[in-house]
Amino acid sequence: MKYILLIGDGMGDTPVPELGNKTPLEVANKPCIDRLCAVAEPMLVRTVPEGYPPGSDVANLSLLGYEPETYYTGRAPLEAASMGIEIPAGALAFRCNLVTVRSEEDGRLTMLDHSAGHITTPEATELIQAVQAACGTARLRLYPGVSYRHLLIHQGEAPVSLNTVPPHDYLSQDVTAFYEQYLAVDYLAELMQTSAQVLAEHPINQQRAAEGKGEANSLWIWGEGRKPAMNTLLERHGITGSLISAVDLLKGLGVCSGLEVPEVEGATGWLDTNYQGKVDAALDALKQQDFAVVHIEAPDEAGHQGSATDKVRAIEDFDSKVVAPVVAAMDRRGEPYRLVVTMDHYTPIARRTHEDWPVPMFLYDSSDDSSGVQQPSGVTYTEANIIAAAEQARRCLESGAAFFTRFVSPKDGEKHG
Ligand SMILES: [Zn+2]
């Protein structure tokens with residue numbers, strides 16, 4: 001049996017006035033997904049435990065069957081894994097952005113841009129190296145990443161209970177209170193102040209200012225956590241596999257769960273991504289391995305941007321360029337497979353951010369003839385349809401772990417094989 005998990009990040013939504021009060025999933029033309037859904041088992045799964053932030057990190061950790069309560073330590077350790085950086089035992093990893101902030105006349109601080117004008121990787125690498133040279137200590141070490149996204153590893157006794165926040169959640173907002181927390185820890189204060197000086201004087205920033213581009217005039221550290229003690233999916237469920245995504249966070253989850261994470265050229269996380277390359281990578285992996293995940297970021301991005309037309313298009317592309325070719329290829333191979341279509345969380349256009357509601361999904365089993373599926377949903381794949389069908393079929397699962405076990409275990413009364 002092969003297992004295939006296809007994730008349309010943030011696909012779920014609420015009725016959108018612009019779409020005649022329908023959701024993007026209700027409006028999108030997605031014949032392959034709808035055909036599978038009708039003969040598949042509907043499920044409603046709580047991917048975000050109560051009290052947890054509905055981030056893609058927590059939600060996708062759940063979709064891979066790991067309990068966030070046990071395994072989620074923060075976002076930075078997952079990104080470190082995707083960058084191939086080993087976090088020493090006891091150390092704390094922070095995500096470290098290069099950002100643009102503005103000091104106001106009254107001394108308060110405003111977050112202007114979490115990406116320092118989407119600074120290029122070569123520019124950012126030079127800046128981070130300059131900061132590391134000036135501020136690096138036995139305790140603190142900076143690692144350059146891609147564009148504005150970098151990493152800080154902290155060794156030794158951890159700073160007491162920082163309440164760090166993602167800078168992209170505070171655009172154009174006053175972030176003084178958060179910044180002051182760094183200043184309250186002596187060595188973090190030194191890092192923030194010295195790095196600000198180094199950045200202000202650096203020729204790259206002077207050049208950017210002259211060109212009217214955003215200056216990377218500050219670091220911003222957040223998302224901290226220790227190395228998660230995750231056993232692999234091979235150890236947990238006896239399956240090997242690959243995870244295909246454009247997003248660092250997802251790749252880090254793959255690395256931490258023992259999956260292979262092939263690099264796909266042209267995978268962008270947007271509508272222009274290399275769908276064909278991602279599908280090929282998954283189908284290739286499935287020749288040798290048991291399990292493949294294909295993660296598509298575009299619906300979530302469209303949700304954040306508040307674009308209904310882009311979100312509908314992202315879902316239609318997900319159907320025609322991911323689900324349909326995977327199903328066609330697997331059917332040609334003739335080996336039985338199970339396939340799940342899901343989202344990790346909702347990203348409603350009206351809110352332009354994530355929601356922690358249980359997610360609608362379906363589990364299709366190619367080895368079932370129509371009589372083999374105990375309770376085929378009989379419906380197309382929409383939020384309302386699956387919620388109703390899952391409730392009727394009593395398939396409302398309280399955790400991603402419960403879902404994943406169901407996914408990779410034999411159905412009731414069946415034998416493994
Ligand atoms: Zn997500």
Side-chain angles (χ1 to χ4, degrees), residues 5-14 23-25 28 43-50 52-68 71-72 74-79 81-82 95 114 149 165-169 222-223 225 243-257 259 261 267-271 273 275 278 293-308 310-315 317-318 322-323 340-361 381 383 386 399-400 403-404:
L5 178 59
L6 304 179
I7 305 169
D9 199 300
M11 276 195 300
D13 216 304
T14 50
T23 68
L25 272 176
M43 275 186 275
L44 196 62
V45 178
R46 183 172 290 285
T47 51
V48 180
E50 225 173 298
Y52 276 72
S56 290
D57 40 13
V58 169
N60 284 290
L61 187 63
S62 271
L63 284 180
L64 292 179
Y66 292 86
E67 299 85 350
Y71 295 99
Y72 183 71
R75 175 177 177 137
L78 300 171
E79 294 188 333
S82 82
R95 169 70 178 274
H114 67 288
R149 304 186 294 269
V165 291
H168 55 260
D169 282 352
W222 60 285
L243 180 144
I244 293 111
S245 174
V247 178
D248 288 345
L249 198 59
L250 269 290
K251 292 181 187 172
L253 277 173
V255 171
C256 290
S257 53
L259 298 175
V261 183
T268 61
W270 184 230
L271 293 168
T273 198
Y275 287 108
K278 294 178 83 164
V293 185
V294 181
H295 168 264
I296 298 295
E297 176 74 354
D300 179 64
E301 282 293 327
H304 285 295
Q305 291 174 17
S307 170
D310 281 346
K311 192 157 182 182
V312 169
R313 186 177 150 203
I315 292 167
D317 286 351
F318 178 54
V322 178
V323 184
V340 167
V341 168
T342 187
M343 61 197 74
D344 50 348
H345 52 72
Y346 283 69
T347 310
I349 282 168
R351 298 171 190 248
R352 298 182 64 173
T353 188
H354 303 171
E355 290 291 353
D356 64 2
W357 309 327
V359 300
M361 64 168 75
Y381 184 61
E383 298 87 348
I386 297 291
S399 71
F403 147 68
F404 200 84

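Read the numbers this way: they start at 1 and go in the same order the structure lists the ligands and their atoms. FYI, side chains are in, hydrogens and waters are out, and symmetry mates aren't considered; it's all heavy atoms of this structure. Positions are given from 1, in the same order as the sequence printed here.
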(request) Report the C-alpha separation of Phe404 and Leu63 in whole Å, then their side-chain angles, then the decisive distance to 0.1 Å, and conclude whether the side-chain contact (heavy atoms from CB on, under 4.5 Å) test is met. (result) CA-CA 7 Å; Phe404 200 84; Leu63 284 180; over 6 Å; no
(request) For Asp300 and His354, test the side chains for any donor-to-acceptor distance below 3.5 angstrom and give the result as yes or no. (result) yes
(request) Compute whether any side-chain donor of one residue and acceptor of the other, for Asp356 and Tyr52, lie under 3.5 angstrom apart. (result) no
(request) If you have a sec, read the angle at the Zn ion (ligand 1) from His345 atom NE2 over to Asp9 atom OD2, to 10 degrees. (result) 150°
(message) Using a strict threshold of under 4.0 Å (side-chain N to carboxylate O), is an ion pair present between Glu79 and Arg95?
(response) yes
(request) Examine all N, O or S atoms of Thr347, backbone included, and report whether one is under 2.8 Å from the Zn ion (ligand 1). (result) no
(request) Could you check which N/O/S atom of Asp344 is closest to the Zn ion (ligand 1)? (result) OD2
